[in-house]
Amino acid sequence: MEEVSIFPIISLKPEVTNYLKGVFLNKEVLAASSHKEAERRFQKLLSCLSHPPSYTCVRASTHLASLEEIKRKLEEELKKQQMCGSSAEEVQVQILPHPCIPDVLLLPVIGPRHVKQLSSELVVGAQCGSAVLRGAHVFAPGILASPKYMKPGDVVSVYSDLEGKCTRGATSFQGKKVFVGNGVAQMARASIFTDKPPKGIGVQMVEPLYQSYSFDGVLPSLVFLQNLPSVVVGHVLAPRPGERILDMCAAPGGKTCHIAALMGDQGEVVALDKIRNKIDKICQNAKLLHLHSIKAFCFNSVQAVSEDLAQETEGPPFPPESFDRVLLDAPCSGLGQRPNMANTWSLKEVCSYQPLQRKLFHTAVRLLKKGGVLVYSTCTVTLAENEEQVAWALDTFPCLSLQPQEPHIGAEGMLGAGLSPEQLRLLQRFSPELSWDQMNTAAPFHCRADRDTIGFFIAKFLKN
Ligand code: SAM
C-alpha cells in the first residue's frame with residue numbers, strides 16, 4: 001500500500017486562481033518586491049490553505065471561571081480522551097495560554113503524519129473532510145460512499161471528495177479525492193444510506209492525518225472552539241460593560257458570545273442574521289455559555305436603520321446612532337478558511353460580495369453613535385473585500401478614521417488598494433503564507449500560532 005504524507009494545494013477553478021494571482025502579484029506589490037518573491041508568496045498561500053493551522057485555538061469562558069481553572073479542567077478532560085490516533089499510552093496534554101490574549105488556550109496540532117492507506121475506502125464530502133483534518137470524527141451525514149459490505153468495527157481509509165462529484169450511496173469513487181486518515185466504522189452501510197438522514201458518528205478516526213483533540217462535548221460552557229483571528233476581533237472591538245453593541249452578521253454567534261463575555265454580560269448585545277434557523281444557533285450558544293445580555297433577531301441588516309424612528313427600539317429596525325460599537329463581520333468569499341482542499345466557486349461568485357458589504361457598511365455607519373467604534377472583518381484574502389473596502393470607506397465617510405488595534409498580532413494590510421504605509425500599519429491581515437519559512441525554530445511558540453492561522457482581515461474605525 002502507498003504511504004501518503006504530501007497534500008495537494010487547494011483546488012480552485014482556473015479563473016479564480018488567475019484572479020487571486022492578480023491580487024497577490026498586483027502592481028503595488030511588484031513595485032515593492034520581486035516578481036519571484038510575490039509568486040512564491042502566492043504559491044505558499046495556495047499550499048497552506050489546504051492544511052489546517054498548526055494550533056487549535058479555544059476561547060475560554062473567563063466570565064465563568066479563571067483561565068487557570070479552565071486550563072486545568074481541560075487538561076483533565078483531554079487526558080481522559082485518548083488523543084485521536086495515538087496508542088493507548090499516557091498522553092501528554094499540551095495546553096498553552098496565549099501570552100497576550102487573556103482568554104485563549106492553544107493546543108498544538110501534529111501532522112501531516114505518515115499514515116498507511118488501506119484497501120477499504122470510504123468517501124466523505126469536502127466539509128466533512130476539512131472537519132476531520134481539524135480533529136473531528138466522521139459524522140454519518142457527511143459520508144458519500146462506503147464499501148459495499150461495511151459493518152461496525154471495519155477499519156477504513158477515509159477520503160475527502162475534492163470536486164463534489166461523488167454520488168451519495170456509491171460503493172467506490174474514482175474522482176479527485178484526498179486521503180485524510182484511517183478510522184473504524186461505527187455503523188453498517190445500510191444504516192448510513194437510508195431515507196431518513198442518519199445521525200451520530202459514522203467513523204471513529206483512529207489514525208488521522210493530522211492529530212488533534214476532538215472537542216465534541218468537552219466542557220461545553222467553559223471552552224469554545226474559535227479561530228484565533230476571530231477571538232482577536234472581540235478584543236479589538238473592546239466592548240465595555242453597560243454599552244449597547246450591534247453584531248450585524250452574527251450567526252452562529254461565536255463573536256456575539258465573546259462580546260457579551262468581555263462585557264461581563266452587563267449591557268446589551270444585539271445580534272442580527274438574515275437566516276432564521278441560524279438565529280437558533282446564536283441562542284443555543286448564548287444559553288450554553290450562560291450569557292443573558294444577547295438579543296438575537298432574524299433581520300436583513302442592510303435595512304436595520306430607519307430614519308423615521310425617533311425613540312430607541314428593542315428590535316430592528318433601529319433609529320440612527322443607536323449603538324456604542326458595531327461589529328460588521330461581513331459575509332465574504334471565505335477564501336481564508338483552512339483547511340480547504342477544494343473550492344468549486346466561479347469567479348462571479350467569488351467577486352459577488354463587495355456590493356453587499358458596502359450596503360451593510362452604510363447601515364453600520366448610520367447606526368453607530370458619534371465617538372463610537374466600528375470593526376469590519378472578513379475571513380477572506382482578496383483585496384476587493386479587505387483593503388479596497390477600507391479605502392472606499394475612508395473616501396465615502398469622512399467621519400471615519402482608522403484606529404490602532406489591540407492586540408495586533410497579525411501582519412499589516414496588503415499593498416494594492418492605494419492605502420498609505422501608515423494606514424496599512426493600522427490594519428491587521430492574518431496571512432498564513434507569511435508563516436512557516438519566516439519562523440525560526442527558536443521563536444516562541446505563539447509567534448507561529450499567531451501567523452499560522454486562517455486568512456483573516458480586521459479594520460477598526462472611529463466615528464468622529
Ligand atoms: N460573526 C459570525 C461568528 O463569528 O460566528 C460569523 C458571520 S458569517 C461571516 C456571515 C453571516 O452573515 C452569515 O451567518 C450570514 O447568514 C449573514 N448574512 C449575510 N447577509 C446578511 C444580511 N444582509 N443581513 C444579516 N446577516 C447576513
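Every number for a ligand or one of its atoms is a count from 1 in the order of the listing.
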| task | Please confirm whether His235 and His258 have ring centers closer than 6.0 angstrom. | result | yes
| request: Go through ligand 1 atom by atom and flag the ones less than 4.0 Å from a non-hydrogen atom of Phe299. | output: 24 (N), 25 (C)
| task | Starting from atom 12 (O) of ligand 1, locate the nearest protein heavy atom and write down its residue, its atom name and how far away it is, to 0.1 Å. | result | Cys249 CB, 3.2 Å
| message | What protein heavy atom lies closest to atom 19 (C) of ligand 1? Include the residue and the distance to one decimal. | response | Pro331 CG, 3.6 Å
| query | In the protein, what heavy atom is nearest to atom 24 (N) of ligand 1, and what distance, to one decimal place, separates them? | reply | Ser301 N, 2.9 Å
| task | Give the numbers and elements of all ligand 1 atoms closer than 4.0 Å to a heavy atom of Ile275. | result | 16 (O)
| query | Does at least one non-hydrogen atom of Ser230 fall below 4.0 angstrom from an atom of ligand 1? | reply | no
| message | Once you measure the plane-to-plane angle for His362 and Trp392, does it fall in the parallel (<30°), tilted (30-60°) or perpendicular (>60°) bin? | response | perpendicular
| query | Do Gly254 and ligand 1 have an N or O pair less than 3.5 Å apart? | reply | yes
| task | Check whether the side chains of Asn386 and Thr380 place a donor and an acceptor atom closer than 3.5 Å, and report yes or no. | result | no
| Mind checking whether Phe461 and Phe361 have ring centres under 6.0 Å apart? | yes
| query | Below 4.5 Å, heavy atoms only, C-beta onward: do Phe430 and Asn227 meet side chain to side chain? | reply | no
| said: Suppose we measure from atom 26 (N) of ligand 1 to each protein heavy atom; which comes out shortest, and what is that distance? | reply: Lys274 N, 3.2 Å
| said: Can you see whether Gln311 engages Thr313 through a side-chain donor-acceptor pair at a distance of less than 3.5 angstrom? | reply: no
| Would you call Arg325-Glu243 a salt bridge at under 4.0 Å N-O? | yes
| query | Just wondering, more than 12 heavy atoms not from Arg240 lying within 6.0 Å of its CZ? | reply | no
| Looking only at protein heavy atoms, which one is nearest to atom 3 (C) of ligand 1, and how far off is it? | Ala250 O, 3.7 Å
| Met248 and ligand 1 - part of the residue with a heavy-atom distance under 4.0 Å | backbone
| Rounded to the nearest 0.5 Å, how far does CG of Leu162 lie from NZ of Lys176? | 7.0 Å
| field | Which residue and heavy atom of the protein sit nearest atom 1 (N) of ligand 1, plus the separation | value | Asp329 OD2, 2.7 Å
| said: Whether the side chain of Arg244 engages the backbone of Asp324 through a donor-acceptor N/O pair (distance < 3.5 Å, no angle test) should be reported. | reply: no
| task | Could you tell me which atoms of ligand 1, counted from 1 in the order shown, lie closer than 4.0 angstrom to a heavy atom of Pro252? | result | 5 (O)
| So, the side chain of Glu268 versus the backbone of Leu246: is there a donor-acceptor pair under 3.5 Å, distance only? | no
| request: Check each heavy atom of Cys332 against ligand 1 and say whether those closer than 4.0 Å belong to the side chain, the backbone, both or neither. | output: neither
| query | Can you check whether Phe224 and Phe215 have ring centres sitting under 6.0 Å from each other? | reply | no
| field | Leu360 N/O under 3.5 Å from ligand 1 N/O | value | no
| What protein heavy atom is closest to atom 23 (N) of ligand 1, reported as residue, atom name and distance in Å? | Asn300 OD1, 2.8 Å
| message | Taking 4.0 Å as the limit for heavy-atom contacts, which would you say applies to Ala330 with ligand 1: side chain only, backbone only, both, or neither? | response | backbone
| What is the nearest protein non-hydrogen atom to atom 16 (O) of ligand 1, stated with its residue, atom name and distance? | Asp273 OD1, 2.7 Å
| query | Is there a heavy atom of Gln226 sitting under 4.0 angstrom from any atom of ligand 1? | reply | no
| request: Considering the heavy atoms of Lys278, write down every atom of ligand 1 situated less than 4.0 Å from one of them. | output: 13 (C), 14 (O), 15 (C), 16 (O)
